Amino acid sequence: MITITQCDISQLYLLAEIAITSYKQTYNYLWLDEAEAYLKKFYDTADFKTDIAKPGVYYFFVYADDELVGYFKLKESLSSLNSEKKCLEIEKLYLLQSATGKGIGKTVMNFIFDFANKKQCTTLLLQVMESSPAKLFYESYGFKQTGRARLDYPFLIDEYRWILTYVLELLD
């Protein structure tokens, strides 16, 4: 059974633990230093504490049979293309490797669609590394690539520096 629960400020260490573990399993290959500098800069509990307190920012844990197998972050904003449209950005969505290919991502996406509907968001937005197989997962839901940018983080291997922006317009 797949369960999704909202993370609260008392669970920051658990959030940091699943975030670092799942990130390393997903993207260690991108980095010359096994992502150590990147994780130190962006995956600190103090950063999560600041982020989770912001209005319109939501972190969720993903459990499979009571085992924590991933997390995701959603952020509400106004569309950059149309300031009257509310946008929901999927800023992070990571599952442990042991949890992939089991329909858990589909459950998470259905949750995100329901959440967007409740928040009256008409656009979903996300970014994914060009080298990630996750882009095919998002494309299967109708997301369309709208941008491509080069990342300049230290220790990032040159051939993996590209990140893609994807958008999905939801029915009003």
Side-chain angles (χ1 to χ4, degrees), residues 1-23 25-27 38-39 41-64 67-96 99-100 102-129 132-147 149 151 163-172:
M1 179 175 172
I2 309 306
T3 308
I4 297 171
T5 62
Q6 190 167 351
C7 174
D8 65 46
I9 202 156
S10 70
Q11 299 170 305
L12 292 176
Y13 289 103
L14 185 61
L15 177 60
E17 182 180 325
I18 190 65
I20 290 167
T21 301
S22 59
Y23 184 89
Q25 287 183 7
T26 304
Y27 284 134
Y38 179 83
L39 292 169
K41 183 173 183 174
F42 294 107
Y43 282 69
D44 183 78
T45 53
D47 293 327
F48 285 124
K49 184 177 182 180
T50 301
D51 206 28
I52 206 168
K54 293 177 182 173
V57 173
Y58 310 91
Y59 282 90
F60 296 92
F61 290 127
V62 181
Y63 293 89
E67 177 188 347
L68 182 59
V69 296
Y71 83 106
F72 59 100
K73 174 187 174 185
L74 304 176
K75 185 174 97 176
E76 291 179 88
S77 64
L78 294 177
S79 169
S80 60
L81 302 174
N82 181 344
S83 63
E84 294 179 12
K85 286 189 168 188
K86 281 182 68 176
C87 180
L88 186 66
E89 184 172 355
I90 305 169
E91 277 202 4
K92 299 179 186 321
L93 195 170
Y94 292 104
L95 298 175
L96 298 177
T100 60
K102 298 180 179 179
I104 297 170
K106 181 178 181 178
T107 300
V108 169
M109 289 305 294
N110 288 335
F111 179 93
I112 291 171
F113 289 133
D114 289 343
F115 189 85
N117 186 45
K118 288 176 188 166
K119 295 291 185 177
Q120 299 178 328
C121 295
T122 57
T123 305
L124 289 178
L125 170 71
L126 62 88
Q127 290 187 307
V128 63
M129 297 304 294
S132 174
K135 68 182 182 179
L136 300 175
F137 173 76
Y138 296 122
E139 288 170 359
S140 76
Y141 281 91
F143 282 87
K144 302 291 184 209
Q145 182 183 335
T146 60
L151 299 174
I163 193 164
L164 307 175
T165 300
Y166 277 81
V167 172
L168 177 65
E169 296 295 332
L170 303 172
L171 299 175
D172 289 327

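As the structure is a prediction and not an experimental result, all values here were calculated from the model. The figures that follow rest on heavy atoms only: side chains count, while hydrogens, waters and symmetry mates do not.
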* Asked: Excluding sequence neighbours, so at least two apart, what forms ring-ring contact (aromatic ring centres under 6.0 Å, His included) with Phe42?
  -> Tyr38, Tyr153
* **Distance, nearest 0.5 Å, that separates CG of Leu74 from CZ of Phe60** => 5.5 Å
* Could you state the interatomic distance from OG1 (Thr21) to OH (Tyr71), rounded to the nearest 0.5 Å? -> 10.5 Å
* Do Val57 and Lys75 pass the side chain to side chain contact (heavy atoms under 4.5 Å, CB included) test, and can you show the C-alpha distance, the side-chain angles, and the key distance before you say yes or no? -> CA-CA 5 Å; Val57 173; Lys75 185 174 97 176; 4.0 Å; yes
* Of all residues at least two apart in sequence or in a different chain, which pass the side-chain contact (heavy atoms from CB on, under 4.5 Å) check with Ile163? -> Gln127, Met129, Ala149, Leu151
* side-chain hydrogen bond (donor to acceptor under 3.5 Å, both in side chains): pairs with one or both residues in residues 45-60, sequence neighbours excluded -> Asp51-Tyr59, Asp51-Lys73, Tyr58-Glu76, Tyr58-Lys119
Return all side-chain donor-acceptor pairs below 3.5 angstrom for residues 104-112, not counting sequence neighbours, or 'none' if the list is empty.
{"unit_1": "Thr107", "atom_1": "OG1", "unit_2": "Gly103", "atom_2": "O", "d": "3.3"}
{"unit_1": "Asn110", "atom_1": "ND2", "unit_2": "Lys106", "atom_2": "O", "d": "3.4"}

* Using the test salt bridge (Lys or Arg N to Asp or Glu O under 4.0 Å), find all partners of Lys118 that sit at least two apart in sequence or belong to another chain. => none
* Can you sort out the partners of Tyr166 under ring-ring contact (aromatic ring centres under 6.0 Å, His included), two or more places apart, ordered by chain and number? => none
* Asked: What pair of heavy atoms forms the shortest contact from Leu168 to Phe113, and how long is it?
  -> CD2-CE2, 3.6 Å
* Asked: Would a 4.5 Å heavy-atom cut-off, applied to side chains only, mark Phe143 and Ile90 as touching?
  -> yes
* Under 6.0 Å from the CD atom of Gln120, do we count more than 12 heavy atoms belonging to anything else shown? -> no
* Hey, is NZ on Lys135 packed in by over 12 heavy atoms from elsewhere, all under 6.0 Å? -> yes
* Asked: What residues, two or more places apart in sequence or in another chain, satisfy salt bridge (Lys or Arg N to Asp or Glu O under 4.0 Å) together with Lys92?
  -> none
* To do: Could you grab the distance from atom CD of Glu139 to atom CD of Gln145, nearest 0.5 Å is fine?
  => 7.5 Å
* **Heavy-atom closest pair, residues Phe48 and Ala19** => CZ-CB, 3.7 Å
* Checking side chain to side chain contact (heavy atoms under 4.5 Å, CB included) for the pair Leu96/Leu68: CA distance, chi angles, key distance, verdict? -> CA-CA 9 Å; Leu96 298 177; Leu68 182 59; over 6 Å; no
* Nearest-0.5 Å distance, CZ of residue Phe72 to OG of residue Ser22 -> 12.5 Å
* From Glu91 CD over to Leu126 CG, what is the distance, rounded to the nearest 0.5 angstrom? -> 10.5 Å
* Structure fact -> Residues passing the side-chain contact (heavy atoms from CB on, under 4.5 Å) test with Ala116, sequence neighbours excluded, are Leu88, Cys121, Leu124, Leu170
For residues 7-15, please give each side-chain donor-acceptor pair under 3.5 Å, one per line with the distance, not counting sequence neighbours.
{"unit_1": "Asp8", "atom_1": "OD1", "unit_2": "Ser10", "atom_2": "N", "d": "2.8"}
{"unit_1": "Asp8", "atom_1": "OD1", "unit_2": "Ser10", "atom_2": "OG", "d": "2.4"}
{"unit_1": "Gln11", "atom_1": "OE1", "unit_2": "Asp8", "atom_2": "N", "d": "2.9"}

* To do: Can you sort out the partners of Glu89 under salt bridge (Lys or Arg N to Asp or Glu O under 4.0 Å), two or more places apart, ordered by chain and number?
  => none
